Novice: 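First the structure, which I've put down as structure tokens, then a few questions once you've had a look.
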Amino acid sequence: MYEKLDNPVYHSLNEHHKKFCLNFGDSKFYNPEVAAFGGSSEVAKEKDITEYSKICDDFLIFGAKPYGNFEKELSQLVCDQYVLENKIDLDFTEKIDLLKEENNEELLHFIKKFYPHYFKNRTPELGRYFGIFKDNKLVAVTGERMQMNDMTEVSAVITDTDYLGKGYAKQLVAFVSGKIFEDNKTPFLHVAETNTGAKKLYEKLGFHHRGTINLWGVKR
């Protein structure tokens, strides 16, 4: 059922996110203004990577290790992949707001403080983003990133360091996942293999571990 998750970028760009797709040979890449990610139907080839690197010199390829004369340029990040099959039963104590276009500047500034490599100026176009505000200040966010016809990735689970321990991430993940279920889609997410705290949270919420996936960083 979840075979597409072995190759989430490729299938997202082949389905729901087709309008953001740039095709290079057997590989599909996001428009770099939206996300610096790529994937291939088989294994990303050097010529495909070379073409994309002309417009984006620092990006990630999900899945199989690409091959070519650039081995020394590759860095590996192993992520655990989780899937949620049932809606999370949780009482919400915080007001959760849908972030709109007028919130984009604050959203971009907030996320880039923590994950500058993964979030681009047009990343909010990939899906919906939700946040918690305190004293008119954005202090926690979660949103949607890769999307296929039947699955959507929960992403950007971030809380300001001054507001940790208040359960904001738990409520946002539950809220966003609920919205995805309302769309008749299955939520999934990725988390660095070394991020044990986040993994414990997701498992406690009911996400089950599907396996690991490799992200290959390319700098040219």
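Bear in mind that the values here come from a model prediction, so they are computed numbers and not experimental data.
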Novice: Specify whether Phe29 and Tyr52 have parallel, tilted or perpendicular ring planes, treating 30° as the upper limit for parallel and 60° as the lower limit for perpendicular.
Specialist: parallel

Novice: Under 3.5 Å, is there a donor-acceptor pair between the side chain of Asn31 and the main chain of Glu33?
Specialist: yes

Novice: Decide if atom NZ of Lys113 counts as having more than 12 heavy atoms of other residues, nucleotides or ligands within a radius under 6.0 Å.
Specialist: yes

Novice: Is the shortest heavy-atom distance from the side chain of Phe133 to the side chain of Asn103 under 4.5 Å?
Specialist: yes

Novice: Evaluate the side-chain proximity of Pro124 to Leu99: yes if any heavy-atom separation is below 4.5 Å, no if none is.
Specialist: no

Novice: First locate atom CD of Glu153, then atom CZ of Arg145, and finally report the distance between them rounded to the nearest 0.5 Å.
Specialist: 4.0 Å

Novice: According to a 4.5 Å side-chain heavy-atom criterion applied to Ile, Leu, Val, Met, Phe, Trp and Tyr, with indirect links allowed, do Ile158 and Leu205 form part of one hydrophobic cluster?
Specialist: no

Novice: How long is the span from the NZ atom in Lys219 to the CG atom in Asp58, to the nearest 0.5 Å?
Specialist: 5.0 Å

Novice: Before accepting this row, confirm whether a basic side-chain N of the pair Lys47/Asp26 lies closer than 4.0 Å to the acidic partner's carboxylate O.
Specialist: no

Novice: Return the minimal non-hydrogen interatomic distance between Pro8 and Ile213, and the atom names on each side.
Specialist: CD-CD1, 3.6 Å

Novice: How close do His190 and Cys79 get, counting heavy atoms only, and between which atoms?
Specialist: CB-CB, 4.4 Å

Novice: Less than 4.5 Å apart, any side-chain heavy atom of Leu74 and any of Pro66?
Specialist: yes

Novice: Return yes if some donor-acceptor pair links the side-chain N/O of Arg210 with the main-chain N/O of Phe188 below 3.5 Å, else return no.
Specialist: no

Novice: Taking all heavy atoms of Asp48 and all of Ser27, pick out the closest pair and write down the distance.
Specialist: OD2-OG, 3.1 Å

Novice: Give a yes or no on whether Leu5 and Leu60 share a hydrophobic cluster (residues Ile, Leu, Val, Met, Phe, Trp, Tyr; joining criterion: side-chain heavy atoms under 4.5 Å apart).
Specialist: yes

Novice: Could you please spell out the steps behind the side chain to side chain contact (heavy atoms under 4.5 Å, CB included) verdict for Phe207 and Lys199?
Specialist: CA-CA 9 Å; Phe207 283 84; Lys199 292 194 291 185; over 6 Å; no

Novice: Among residues at least two apart in sequence or on other chains, which ones pass side chain to side chain contact (heavy atoms under 4.5 Å, CB included) with Ile96?
Specialist: Phe92, Phe130, Ile132, Gln171, Leu172, Phe175

Novice: For Lys170, does the NZ atom have more than 12 heavy-atom neighbours from other residues, nucleotides or ligands under 6.0 Å away?
Specialist: no

Novice: Hey, what do you get for CG (Leu164) to NZ (Lys166), rounding to the nearest 0.5 Å?
Specialist: 9.5 Å

Novice: Indicate the ring-plane relationship of Tyr30 and Phe37, choosing parallel, tilted or perpendicular according to the 30° and 60° boundaries.
Specialist: perpendicular

Novice: Ignoring hydrogens, what is the shortest heavy-atom contact between Leu90 and Ala174? Give both atom names and the distance.
Specialist: CD2-CB, 3.6 Å

Novice: When you look at CD of Glu105, are more than 12 heavy atoms from neighbouring residues, nucleotides or ligands closer to it than 6.0 Å?
Specialist: no

Novice: How long is the span from the OG1 atom in Thr159 to the CG atom in Leu138, to the nearest 0.5 Å?
Specialist: 10.0 Å

Novice: Walk me through it: do Phe59 and Ile61 pass the test side chain to side chain contact (heavy atoms under 4.5 Å, CB included)?
Specialist: CA-CA 7 Å; Phe59 52 94; Ile61 295 174; 4.1 Å; yes

Novice: As an exercise, state the distance from CG of Leu189 to CE of Met146, rounded to the nearest 0.5 Å.
Specialist: 10.5 Å

Novice: Output yes when a side-chain donor or acceptor of Asn7 lies under 3.5 Å from a complementary backbone atom of Ser40, and no otherwise.
Specialist: yes

Novice: State plainly whether one hydrophobic cluster holds both Phe181 and Met148, where clusters connect Ile, Leu, Val, Met, Phe, Trp and Tyr through side-chain heavy atoms under 4.5 angstrom apart.
Specialist: no

Novice: Please check if the side chain of Thr123 supplies one atom and the backbone of Val34 the other of a donor-acceptor pair under 3.5 Å.
Specialist: yes

Novice: Taking the side chain from Gln147 and the backbone from Leu126, do they hold a donor-acceptor pair closer than 3.5 Å?
Specialist: yes

Novice: Are Asp160 and Lys134 within salt-bridge range, i.e. N to O under 4.0 Å?
Specialist: no

Novice: For Glu101, I'd like to know if atom CD has over 12 heavy atoms of other residues, nucleotides or ligands within 6.0 Å.
Specialist: no

Novice: Can you tell me if Asp162 has over 12 outside heavy atoms packed within less than 6.0 Å of its CG?
Specialist: yes

Novice: Is there a side-chain contact between Lys65 and Asn214, using heavy atoms and a 4.5 Å cut-off?
Specialist: no

Novice: Could you go step by step and tell me if Tyr2 and Gln81 meet the side chain to side chain contact (heavy atoms under 4.5 Å, CB included) rule?
Specialist: CA-CA 11 Å; Tyr2 300 125; Gln81 190 179 74; over 6 Å; no

Novice: Is the closest side-chain heavy-atom distance between Val154 and Tyr202 below 4.5 Å?
Specialist: no

Novice: What's the shortest heavy-atom distance between Glu42 and Ala64, and which atoms?
Specialist: O-CB, 4.1 Å

Novice: List the steps, then state whether side chain to side chain contact (heavy atoms under 4.5 Å, CB included) holds for Ile55 with Leu22.
Specialist: CA-CA 11 Å; Ile55 58 172; Leu22 300 177; 3.6 Å; yes

Novice: May I ask you to check whether over 12 heavy atoms, not counting those of Tyr115, lie within 6.0 Å of atom OH?
Specialist: no

Novice: Restricting to pairs with a member in residues 124-133, which pass side-chain hydrogen bond (donor to acceptor under 3.5 Å, both in side chains), not counting sequence neighbours?
Specialist: Arg122-Glu125, Arg128-Glu144, Arg128-Asp183

Novice: Checking the side chain of Lys28 only, and the main-chain atoms of Lys18 only, is there a donor and an acceptor separated by less than 3.5 Å?
Specialist: no

Novice: Rounded to the nearest 0.5 Å, what separation is found between the NE2 atom of His17 and the CG atom of Asn14?
Specialist: 13.0 Å

Novice: State yes or no: do Leu98 and Ile111 share one hydrophobic cluster built from I, L, V, M, F, W and Y residues joined by side-chain heavy-atom distances below 4.5 Å, directly or via other members?
Specialist: no

Novice: For Lys4, enumerate each residue passing the salt bridge (charged side-chain N to carboxylate O under 4.0 Å, His left out) test, keeping only those at least two apart in sequence or located in another chain.
Specialist: Glu15

Novice: Going only through I, L, V, M, F, W and Y residues with side-chain contacts under 4.5 Å, is there a path from Phe62 to Met151?
Specialist: yes

